[in-house]
Amino acid sequence: MLLHVAAFVGLFYLLRWYRERQVVSPLQDKYVFITGCDSGFGNLLARQLDMRGMRVLAACLTEEGAEQLRKRTSARLETVILDVTQTESIAAAAQWVKERVGDRGLWGLVNNAGTSFPSAPNEWLNKQDFMDVLNVNLLGVIEVTLSLLSLVRKAQGRVVNVSSVMGRVSLFGGGYCISKHGVESFSDSLRRELSYFGVKVAIIEPGGFKTNLSSCETLMPNFKKAWDRSSSEVKEIYGKKFLESFLKYPHLLEKVWTSDLSSVTDCMEHALTACHPRTRYSAGWDVKLFYLPLSYLPTFLVDALVHLCSPKPAQAL
């Protein structure tokens with residue numbers, strides 16, 4: 001019996017491996033629009049796809065980021081300035097894309113632009129702090145997608161949304177985890193709706209990687225700023241020791257997180273170029289070995305584990 005099960009599982013993974021190795025062609029005629037290309041995953045993906053001969057349309061937040069990217073890529077790659085929180089900027093970028101792709105349509109849309117700031121215990125934050133993250137990570141993704149959807153449908157192409165493993169399990173406060181849960185939900189509904197038109201939607205769920213958004217130089221001032229703005233009552237409840245313990249986390253995470261971003265961009269590339277892309281891609285061994293199993297545990301066990309590993313407020317019961 002066990003031999004039959006092992007043979008079935010082996011055959012399943014062999015067939016899946018063969019199926020996922022089939023690539024669409026020709027890649028050289030396909031346009032891909034990527035947001036958030038100044039640095040990190042978007043920057044590396046733009047260079048990666050450019051090397052494969054695809055027509056990359058890279059959206060950057062700053063002209064400096066766009067110029068640096070152009071210096072490292074071929075003349076095929078084109079850049080545009082895009083702020084995903086501004087409707088006017090999104091409309092202008094969508095028109096720019098339409099002028100370039102023409103009747104061919106847009107093969108790939110990669111919603112990569114994101115932010116994680118401010119992130120802190122919820123009680124240290126205000127409504128605007130949450131909105132600052134949601135406007136980029138969720139509402140920006142939705143508006144960019146809706147503005148380009150007709151072009152993707154025309155090409156029967158792909159929408160690739162960058163979520164996070166924190167879209168499955170929320171381990172800290174602020175708008176980041178909320179926004180990624182929203183991206184997961186939006187992507188699921190979009191995938192089901194667009195399946196009637198031959199459009200595929202994939203979700204990328206990275207774990208811990210060293211990017212500009214996750215560096216100690218960025219995280220620690222962000223935490224400290226949220227603390228400094230908190231009321232005297234909140235500071236008394238949590239205490240200075242809590243803050244000091246909290247500020248140690250970025251240093252600990254930097255030792256665990258990897259600076260090799262290719263495992264994430266390889267997932268993105270596969271979602272764009274494979275004939276049969278996956279629905280979800282979990283990038284990073286920490287996701288596969290820890291966070292995903294954690295997300296399937298009963299809630300009371302996850303709560304107990306987080307409680308055990310987290311610093312305790314000064315006035316905790």
Side-chain angles (χ1 to χ4, degrees), residues 20-21 23 27 32-52 54 56-61 65 68-69 72-73 77 84 108-117 119 133 136-138 140-141 144-145 158-169 171 176-177 179-181 183-184 186-187 191 200-215 218-219 250 253-274 277-292 294-295:
E20 291 187 346
R21 284 177 61 87
V23 179
L27 292 178
V32 177
F33 181 70
I34 311 168
T35 67
C37 292
D38 298 77
S39 62
F41 302 134
N43 186 279
L44 179 57
L45 178 65
R47 292 186 277 122
Q48 205 165 305
L49 297 181
D50 181 62
M51 289 182 64
R52 292 202 64 173
M54 299 187 78
V56 178
L57 305 174
C60 298
L61 181 61
Q68 292 298 322
L69 178 59
R72 304 183 65 181
T73 53
L77 183 141
V84 298
L109 165 60
V110 182
N111 284 302
N112 166 75
T115 184
S116 59
F117 308 119
S119 292
V133 179
V136 177
N137 291 4
L138 180 56
V141 169
V144 169
T145 302
R158 312 287 169 83
V159 177
V160 180
N161 291 331
V162 180
S163 177
S164 167
V165 69
M166 295 303 154
R168 288 177 177 256
V169 53
L171 297 182
Y176 184 79
C177 297
S179 69
K180 296 306 183 181
H181 276 275
V183 169
E184 296 271 340
F186 174 63
S187 301
R191 183 184 65 256
K200 294 179 170 61
V201 179
I203 306 169
I204 311 296
E205 300 173 333
F209 291 87
K210 293 180 183 178
T211 65
N212 290 344
L213 295 180
S214 61
S215 66
T218 310
L219 288 173
L253 293 173
E254 272 202 339
K255 295 178 181 179
V256 179
W257 289 346
T258 176
S259 57
D260 181 8
L261 308 183
S262 61
S263 60
V264 177
T265 56
D266 286 348
C267 290
M268 295 174 173
E269 182 179 339
H270 186 271
L272 291 165
T273 62
R278 298 182 185 181
T279 300
R280 280 176 168 79
Y281 293 83
S282 301
W285 287 110
D286 56 338
V287 178
K288 295 178 175 66
L289 299 179
F290 179 69
Y291 291 114
L292 281 184
L294 186 70
S295 70

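The structure presented is a predicted model; accordingly, all values stated were derived computationally and were not measured. Atoms considered below: every heavy atom in the structure, side chains included; atoms not considered: hydrogens, waters and symmetry mates.
Between the side chain of Lys180 and the backbone N or O of Val162 there is at least one donor-acceptor pair closer than 3.5 Å. Side chain of Tyr291 to main chain of Lys288: no donor-acceptor pair is present (N/O by atom type, distance under 3.5 Å, no hydrogens or angles). One N or O on the side chain of Asp286 and one on the backbone of Gly208 form a donor-acceptor pair closer than 3.5 Å. A donor-acceptor pair under 3.5 Å links the side-chain atoms of Arg158 to the main chain of Ala271, judged by distance alone.
Between Thr73 and Asp50, the side chains place no donor N or O within less than 3.5 Å of an acceptor N or O (distance only, hydrogens not considered). In the model, Thr258 has no side-chain atom that pairs as donor or acceptor with a side-chain atom of Asp260 under 3.5 Å. A donor-acceptor contact under 3.5 angstrom links the side chains of Thr145 and Asn111, judged on distance only.
Summarising the geometry of Val287 relative to Ser282, their closest heavy-atom pair is CG1-CB, 3.6 Å, with the distance given to 0.1 Å. Across all their heavy atoms, Gly36 and Asn112 have their closest contact at O-ND2, 2.9 Å. Of all the heavy atoms in Gly207 and Val165, the pair that sits closest is CA-CG1, 4.3 Å. Across every non-hydrogen atom of Ala283 and Ser263, the tightest pair is CB-O, 3.9 Å.
Leu57 places none of its side-chain heavy atoms less than 4.5 Å from the side chain of Val32.
Between the CG atom in Leu77 and the SG atom in Cys37 there is a gap of 7.5 Å [rounded to 0.5 Å]. In this structure, OH in Tyr176 is found 11.0 Å from NE2 in His181, a value given to the nearest 0.5 Å. Residue Arg280 holds its CZ atom at 4.5 Å from CD of Glu184, rounded to the nearest 0.5 Å. Taken from OG in Ser187 to CG in Asn161, the straight-line distance is 3.5 Å, to the nearest 0.5 Å. Distance check: Asn43 CG to Gln48 CD gives 11.0 Å after rounding to the nearest 0.5 Å. Rounding to the nearest 0.5 angstrom, the gap separating the OG1 atom in Thr273 from the CE atom in Met268 is 13.0 Å.
In terms of the salt bridge (charged side-chain N to carboxylate O under 4.0 Å, His left out) criterion, residue partners of Arg52 (sequence neighbours excluded) are, by chain and number, Glu269.
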